[in-house]
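Read through the structure below, which is laid out as structure tokens, and then see the notes.
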Amino acid sequence: MAIDKAITFVKRATSESDFRKACYRAPSRESLLEEKGFTEVEFDDAINMQLVKCQTYEQAEVYQQIRMWFLSL
């Protein structure tokens with residue numbers, strides 16, 4: 001299921017710097033999305049799902065930073 005792939009992507013992006021570096025090597029954000037098997041809407045849904053679970057501002061900030069990082073790809 002694509003949303004599961006997006007959630008896994010978000011979790012890996014928050015904790016694995018090597019994974020983020022590999023994402024930078026993708027020719028474009030669109031090609032990265034195609035390779036990983038989800039859409040931008042599903043990515044946004046995955047971020048929002050993780051934000052709902054946050055109990056502190058600092059936890060939420062991590063996911064907001066991942067959202068900004070993804071938009072910069």
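Applying the 4.5 Å side-chain rule to ILVMFWY residues, one finds Phe9, Val10, Phe19, Tyr24, Leu32, Phe38, Phe43, Ile47, Leu51, Tyr63, Ile66, Trp69, Phe70, Leu73 in the same cluster as Leu33. Ile7 belongs to a hydrophobic cluster whose other members, connected by ILVMFWY side-chain contacts under 4.5 Å either directly or through intermediates, are Met1, Ile3, Met49.
Using modelled atom types, one side-chain atom of Gln59 and one backbone atom of Thr56 make a donor-acceptor pair closer than 3.5 Å.
Pairs engaging residues 39-50 under the side chain to side chain donor-acceptor pair (under 3.5 Å) rule: Thr39-Glu42, Asp44-Arg67, Asn48-Arg67 [sequence neighbours left out]. Residues in residues 51-62 take part in no salt bridge (Lys or Arg N to Asp or Glu O under 4.0 Å) pair, two or more places apart or across chains.
With sequence neighbours left out, the side chain to side chain contact (heavy atoms under 4.5 Å, CB included) criterion links Ser28 to Glu30, Ser31. Residues passing the side chain to side chain donor-acceptor pair (under 3.5 Å) test with Arg29, sequence neighbours excluded: none.
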